[in-house]
Amino acid sequence: MTKTLIEMEASARDYGRLASQRQEEYLNVLEKVESTPAEVSAAVEARDAMKQKYEALNAEIAAKKVAMNVSKADENKPSKREKAVDGFADMVRGVVSNNRIAKLDDFKNAVLAPTTAPVGPTDDSKNGAWALPTNVSTDFISTPLAPNPLVDAAAHSAIVNLEIPRIDITFGDAFNGIADGETAKEVQLKGSDVKFGRVKSKVFVGLSETVLAGTNLALTQFVYSRLQDGLLKLEANRAFATTPVTGEEHMSLYNAANGIKTVTAADKYSAIVAAIADFEDEYADNLSIFMSRKDWFAIQTALANGNNSFYSQTPEQVFGIPVHLTAKAVKPVIGDFSQYHVNYDPTTAQFEQDKDIKTGIVSFVATTWVDAQVKLAAAFRIADVTSAPASTAPAQG
């Protein structure tokens, strides 16, 4: 099997270490008064054999590099990843120092085009980082500062003027006389297409002189992680806003504009169970729950009913479906969250600076345009309480 250049270089390093070891062994034999000529000869032969292998392998490596057009100059050139880091850091410093607005094109030019604006969703990056240069996010920032459970549960895309069909349903004569499900009624009422708009979103990153004076990698990681963190917080804040900003009402799962059904019961646990049972069959396999830790701890305490062993139960074990705990969910929301869709405009993100005269802190500001839509309200339920919880919880078997 033909070895790669990397494998050959690794073998050469091993041969180099062995050659040095054979040289030391040869010198040790010479230093011993009792060494025989045969032992000296054997040590010389072992040293020369390994040295010959080492030199021969290096010659093969040099020939392979020539065949691959890999010169010393090429080896010293920065990689695409290094260009991306240096370009992003230079762009940040340029925006801060020159008080100018930079767009994605400025960033792409700065790094000689290895980094481009994202064009669609990927399996390993489902979050607001699509609105920012892709390479930096993929190569350097893997974990946001404040995880957003919607990242994995909701659908994401980065397509200009996105329109998607709600669902394609055809009813034949065989269905006459049978009441349509909630999904079919919703599609008939709202129409078959979901159209995404553009809502301006700003994220601010406070920069100190020490950060700006640091290395390009440190500056890139600091700024990018906080930009990504800000975008993820915006997603969650809008999705669970009880009093959304004007123009963002449709982004909230709680807002009446989406018409999501509320299922009520005497307590939160019963309301959640009733909500799970209320779904049509097509959503049953993809349901998950978003609820606050406060609600979960209250449910856990009530169900435990003095049984300490119950506290080892996870929310998933209790409800039988995935549960995401987030303080933003003021009321439990149950549903197929792939029907909540966030779309970023990948072409219009821009960067600028803003200085707080009172504090002297310079903010690096990213402006993006995004929209979120509930594709099907029938895919969600809100669990709520109709009255005060009963004083005595049911005993557990």
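Glu39 contributes a side-chain N or O that, together with a main-chain N or O of Thr36, makes up a donor-acceptor pair within less than 3.5 Å. Between the side chain of Arg381 and the backbone N or O of Asp278, at least one donor-acceptor pair lies under 3.5 Å. At least one donor-acceptor pair closer than 3.5 Å links the side chain of Gln317 to the backbone N or O of Thr314. Within the 3.5 Å criterion, the main-chain N or O of Lys328 finds a donor-acceptor partner in the side chain of Thr326. In this structure a side-chain-to-backbone donor-acceptor pair under 3.5 Å is present from Glu316 to Val323. Panel note: side chain Ser41, backbone Pro37; no donor-acceptor pair is recorded below 3.5 Å. Between the Ser252 side chain and the Tyr254 main chain, a donor and an acceptor come within less than 3.5 Å of each other. Checking side-chain atoms of Asn258 against main-chain N and O of Ile260 turns up no donor-acceptor pair under 3.5 Å. Counting only distance, with no hydrogens or angles, the side chain of Lys331 and the backbone of Val385 share no donor-acceptor pair below 3.5 Å. Not a single donor-acceptor pair under 3.5 Å links the side chain of Tyr340 to the backbone N or O of Gly335.
For Asn28, the side-chain hydrogen bond (donor to acceptor under 3.5 Å, both in side chains) test picks out no residue, with sequence neighbours left out. Scored by the ring-ring contact (aromatic ring centres under 6.0 Å, His included) test, Phe290 finds Phe240, His324, Phe337 as partners (sequence neighbours excluded).
For Lys294, the NZ atom is loosely surrounded, since the number of other residues' heavy atoms within 6.0 Å does not exceed 12.
For the 3.5 Å distance criterion, the side chains of Glu60 and Asn58 fail to qualify, holding no donor opposite an acceptor. Residues Ser270 and Asp267 bring a donor and an acceptor atom of their side chains to less than 3.5 Å of each other. Neither side chain, Ser363 nor Asp354, offers a donor N or O lying under 3.5 Å from an acceptor on the other. Side chain to side chain, Asn216 and Arg93 meet the donor-acceptor criterion of an N or O pair below 3.5 Å.
Contact between Leu287 and Asp336 at its shortest, heavy atoms only, is CD2-N, 3.9 Å.
Aromatic ring centres of His341 and Phe196: separated by under 6.0 Å. Outside the 6.0 Å centre-distance limit, the rings of Phe364 and Phe204 are not counted as a close aromatic pair.
Applying the ring pair (Phe, Tyr, Trp, His ring centres under 6.0 Å) test to residues at least two apart or on different chains, none of the pairs has a partner in residues 11-58.
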